[in-house]
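Working notes, structure below.
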Amino acid sequence: MFKRLAEVGAPVAITVDGKAVSAQTGDTVAAALLLAGIDHCRTTPVTGAPRAPYCLMGVCFDCLVTVDGVGSRQGCLVPVREGMTIETQLGKREAGR
Amino acid sequence: MTKASDLAPSYDLAVIGGGPAGLAAASLAARAGLSTVLFDENPGVGGQIYRAITSTPVTDRTILGEDYWAGAELAAEAKASGASIVTGATVWSLDPQRIVGVSIGGKARMIAARRVIIATGSQERPFPVPGWTLPGVMTAGGAQTMLKAQGLLPAGRTVIAGTGPLLWLLAAQILRAGGKIEAIVDTTPRGNWLRALLHLPDFVLSPYFAKGLKLMREVRARAPVVRADRIEAVGKDRLSEVVFGQGDDERRIAADLLLLHQGVVPNVNLAIAAGARHAWNERQLCFQPVLDVDFGSSVPGIAVAGDGAGIAGGTAAAERGRIAAIAAVRALKPEATVPDPQIVRQRLQREEMGRAFLDWLNRPADRFRQPEGDTLVCRCEEVTAQQVRDMAAMGCEGPNQMKAFLRCGMGPCQGRLCGLTVTELIAVQRDTTPAEVGYYRLRPPVKPITLAELASLPISETERKAVER
């Protein structure tokens, strides 16, 4: 869906649901996920529908993911950091955790 | 990086939001000698218009354009002004006594401010069309944010749809960067021209006129532009095609990415939660704070500057920030030298010229603000337009009662993407006005925070003793 215009940042290694993903300094979690081609970053708590980052400016909360064990972080506001572990949030099943 | 523990317990001025209004306000106040702190929740300053202005990887200046790069000066001035600029700082609470609740890196603090300037800007107006929650559908502003901040360009089949200046700007930026656009679906109602033309003389004299024409010519030469009065995102689990049309004519375009936009509206959550009175703006179809000439709100000591005060654009936002800051300096340090507010007001007036034309021309059609049937209104709690309409028809009079019935506005976005739609649907269903219906009652925390963040608040000995047995 997206491609990078220029490789100017330093590489940052993160994992998404256990898989290695390569990001760059300056990426937010949401941008890194979109660039990695993930099809959704969470499912909704009501119907379990898939959602992906929508507004990228902290408004919509559709990019909620678990970052280093902390749930419901806004992926568009969190910069990637070396070794960061990101997990997609499956709304219905994981609502109680 | 400033940590929560680095913050002072109190400041003369707290500015919330680091876009043009916030940067200009903090800069002016700090130079005049006020102890000033500026909080922004993003990794860097600039707000949305000057997003990532200090760090963008897009170095070819022609891609984002000179209007974007003008933000570099504001950011540099603010940095040199002596104001404490704290990024990655989420303000989740502001009360009428001007106590600011803020979280930085998972640690919360409550700080006191003698004056507060809310500069939380605007957000994109909700665009509730069928399929707008599908992965592959995003806002135009969102795509622009990633272009500015990360240098990401839409790849694959991209459709841009809606109305408003940002739509054309984004299209031009994508094309200049070497991207491709399958179609631009223009949903501007033709009938808007009648009302807009009344304001044409003002618009022709404004800087928007020449810029706007040039931009539209640039885009039309390189991407197909199609008019439509309806649009739908279609796909199972993700977007596969965009269906749009006008009258009996219907077209389908296979697409990987649909970017929606129909203007911007003030980001009202913090100001409403702080108790500032708001009123309906019929021209801009949104709620905005009721303000005095210095952008002071109904809550003493709290001002709202920038697009949060009503949409007027980035350059106007900076002037508004300056006016609010001058008022703060005059109240707290009358002996300090400040710029002549009359000159700033004149510049502001110039920047606001042409706005009426743009507002009337780009006024979204009723059907794109008042959806029907299964179209989701509340993305978080997945409440449909029909549910809201039915409940209003059954006697539900306002958005707050609607929450109790349907849970709309009660998810993590706290009504940001359904508030205006719910208000308008109730108004239309009950044959009254949005002003009568009102908006969601918003309370702190205006951003979700964890219990651990709350628990990290410093506790004094007296407070500890008060609960110890």
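In the text below, chain A, chain B and the rest are named by the order of the sequence lines, each starting its count at 1.
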Q: Name the region of B:Ala177, side chain, backbone, both or neither, that has any atom closer than 4.5 Å to a heavy atom of chain A.
A: both

(Q) For a side-chain hydrogen bond (donor to acceptor under 3.5 Å, both in side chains) check, start with the C-alpha distance between B:Glu453 and B:Ser456, then their side-chain angles and the critical distance, and finish with the verdict. (A) CA-CA 5 Å; B:Glu453 281 171 292; B:Ser456 73; over 6 Å; no

Q) Looking at side-chain heavy atoms only, is the closest gap between A:Arg73 and A:Ile86 below 4.5 Å? A) no

**Q.** Minimum heavy-atom distance B:Met138-B:Gly142, with the two atoms named
**A.** CE-C, 4.1 Å

Q: Return the set of residues passing side chain to side chain contact (heavy atoms under 4.5 Å, CB included) with B:Cys413 (not counting sequence neighbours), or none when no residue passes.
A: A:Phe61, B:Cys380, B:Arg416, B:Leu417

**Q.** Qualifying residue for side-chain contact (heavy atoms from CB on, under 4.5 Å) with A:Met84, from A:Thr15, A:Val78, A:Val21
**A.** A:Val78

Q) Is chain A contacted by the side chain of B:Gln150, its backbone, both, or neither, given a heavy-atom distance below 4.5 Å? A) both

Q: Examine whether an atom of A:Val59 lies under 4.5 Å from a heavy atom of chain B, and if so say whether it belongs to the side chain, the backbone or both; otherwise answer neither.
A: both

Q. What is the minimum heavy-atom distance between B:Tyr50 and B:Tyr68, and which atoms define it?
A. CD2-O, 3.3 Å

Q. Between A:Met57 and B:Gln123, does a side chain to side chain contact (heavy atoms under 4.5 Å, CB included) hold up when you go through it step by step?
A. CA-CA 8 Å; A:Met57 48 185 87; B:Gln123 60 160 77; 5.5 Å; no

(Q) Can you tell me how far apart CG (B:Leu167) and CD1 (B:Ile160) are? Round to the nearest 0.5 Å. (A) 6.0 Å

Q: Enter the distance from B:Ile16:CD1 to B:Thr90:OG1 here, rounded to the nearest 0.5 Å.
A: 11.5 Å

Q: Might you point out which heavy atoms bring B:Tyr440 and B:Cys418 nearest each other, and give the distance in Å?
A: OH-SG, 3.1 Å

Q. If you tally heavy-atom pairs under 4.5 Å against chain A, which of B:Asn267, B:Leu257, B:Asp256 wins?
A. B:Leu257

Q) So what's closer than 4.5 Å to chain A heavy atoms on B:Leu134: side chain, backbone, both or neither? A) neither

Q. Based on non-hydrogen pairs under 4.5 Å, which of A:Arg4, A:Gln24, A:Arg51, A:His40 is most in contact with chain B?
A. A:Arg51

Q) How close do B:Val102 and B:Trp92 get, heavy atom to heavy atom, and via which atoms? A) C-NE1, 3.3 Å

Q | chain B contact via A:Gln74 - side chain, backbone, both or neither, heavy atoms under 4.5 Å | A | side chain

Q | When B:Pro154, B:Pro43, B:Gly156, B:Pro57 are compared by non-hydrogen pairs under 4.5 Å with chain A, the top option | A | B:Pro154

Q. Which residues in residues 27-35 of chain A have a heavy atom less than 4.5 Å from any heavy atom of chain B?
A. A:Asp27, A:Thr28, A:Ala31, A:Leu34, A:Leu35

Q) By a 4.5 Å heavy-atom criterion (distance strictly below it), what part of B:Thr133 contacts chain A: side chain, backbone, both, or neither? A) both

Q: Side chain from CB out, backbone as N, CA, C, O: work out which of these in B:Arg379 comes under 4.5 Å of a heavy atom of chain A, or both, or neither.
A: both

